[in-house]
Amino acid sequence: MIIVLKKNATQKDVKLVTEKIKKMGLDTHVSKGVERTLVGAIGDESLLKEGQIKAMPIVEKVMPIMKPYKLVSREFKKQDTIVKVNGLEIGSNKLVVMAGPCAVESKEQIIDSAKTIKKAGGHILRGGAFKPRTSPYSFQGMGEEGLKLLAEAKKLTGLPVVTEVMNTSQVPLVADYADILQVGTRNMQNFDLLRAVGKVDNPVLLKRGLSATLKELLMAAEYIMAEGNHKVILCERGIRTFCSYTRNSLDLNIVPVLKKETHLPVIVDPSHGTGKYCLVNPMSKAAIACGADGLMVEMHPNPEEATSDGDQSLTPKSFTKLIEELKPVANSIGRKL
Ligand code: PEP
Ligand code: MN
């Protein structure tokens, strides 16, 4: 439920309204727009005594949010959310490129990668320290050692770091090292994990589940926001279809739909979305053209030697070329890179 306050509402009025809602057993989220202040009543709406709220002199109207996702929806917040990471903005007019190897493999590999990304004009370093692998016999990541190497690469280049957190017990550790916590595809509906990352202050990159619908993705984001963390970035990374030529089918349809349905930033991962390095460049351009706020791209100093996802990783040279080629695409839609 959204409670719209009258134009002249003061801080004191807002407090009065939020306290009344809280007394009824719901949580609140205040959104201050240029014109008006909105109070969202979050939780079991059957507890809300609508008549009592409407009777408050400072309340202009009470509007139900028709969508199942509330905090996430455009109905609740009209302006785009801009997630700030170390002075960088995700979701503004300026596009953001996250790049790096699938997994952190060694000090040399991650530092090399970070230097290349920085030099080419990338903004955020990615790299898995905890890897969700299909086979238990595959390389599972370097764990905390990998997080330490990411922190070293950040210190050297100034690039903020995004890395995956696979379960609730890892949250405090990963949150200590990483600027952005990544919830991977396989965990998009791990509700305990969503709640746990909702309780920390780090922004969260939420990747779309392998077969998740738009509603399921947005409800997963709602779990995080309902715990108080509103710094959520959504990521389209391909879905399972009958098409076996590519690893997944990159569903770019969802980008403009997400931009309509939610105020959260949306990025696209064409590496996992296609599974083929030669498709990363064209699909990155397509993603930007259709309104994505940024990209997540796998890049390895030497893809043939990668422990995972070498076949979808760009070389340093092709990554540098990609950034250059994305600039005119960004400009053509009035955005910057
Ligand atoms: C990744 O980005 O490292 C990853 C494992 O991606 P996804 O969760 O999209 O498969
Ligand atoms: Mn990967």
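Atoms within a ligand are numbered from 1 in the order they appear, just like the ligands themselves.
- Taking every heavy atom of Arg186 and a limit of under 4.0 angstrom, the matching atoms of ligand 1 come to 7 (P), 8 (O), 10 (O).
- Side-chain contact check for His272 and Asp309: at least one donor-acceptor pair (N or O, by modelled atom type) lies under 3.5 Å.
- Looking at atom 8 (O) of ligand 1, its nearest protein heavy atom turns out to be Thr185 N, 2.8 Å.
- Nearest protein heavy-atom neighbour of atom 5 (C) of ligand 1: Glu164 OE1, 3.8 Å.
- Side chain to side chain, Asn281 and Lys285 meet the donor-acceptor criterion of an N or O pair below 3.5 Å.
- A donor-acceptor contact shorter than 3.5 Å links the side chain of Arg335 to the backbone of Ser92.
- Using a 4.5 Å heavy-atom threshold, the side chains of Asn248 and Ile239 count as separate.
- Screening Glu105, His300, Arg133, Gln140 against Thr307 for a side-chain hydrogen bond (donor to acceptor under 3.5 Å, both in side chains) leaves a single residue, Glu105.
- Among protein heavy atoms, atom 9 (O) of ligand 1 sits closest to Arg237 NE, 2.6 Å.
- Of the polar atoms of Arg126, at least one N or O is found under 3.5 Å from an N or O of ligand 1, judged by distance alone.
- For the residue pair Ser249/Thr241, the side-chain donor-acceptor check at 3.5 Å is satisfied.
- The two atoms that bring Met283 and Pro270 nearest to each other are CB-CB, 4.0 Å, heavy atoms only.
- Between Cys102 atom SG and Asp309 atom OD2, the angle centred on the Mn ion (ligand 2) amounts to 100° (nearest 10°).
- If you look at Glu298 and ask which of its N, O or S atoms sits nearest the Mn ion (ligand 2), the answer is OE2.
- Nearest protein heavy-atom contact of atom 6 (O) of ligand 1 is Lys207 NZ, 3.0 Å.
- Applying the 4.0 Å criterion to heavy atoms of Gly184 picks out, from ligand 1, the atoms 8 (O).
- Looking only at protein heavy atoms, the nearest one to atom 4 (C) of ligand 1 is His272 NE2, 3.5 Å.
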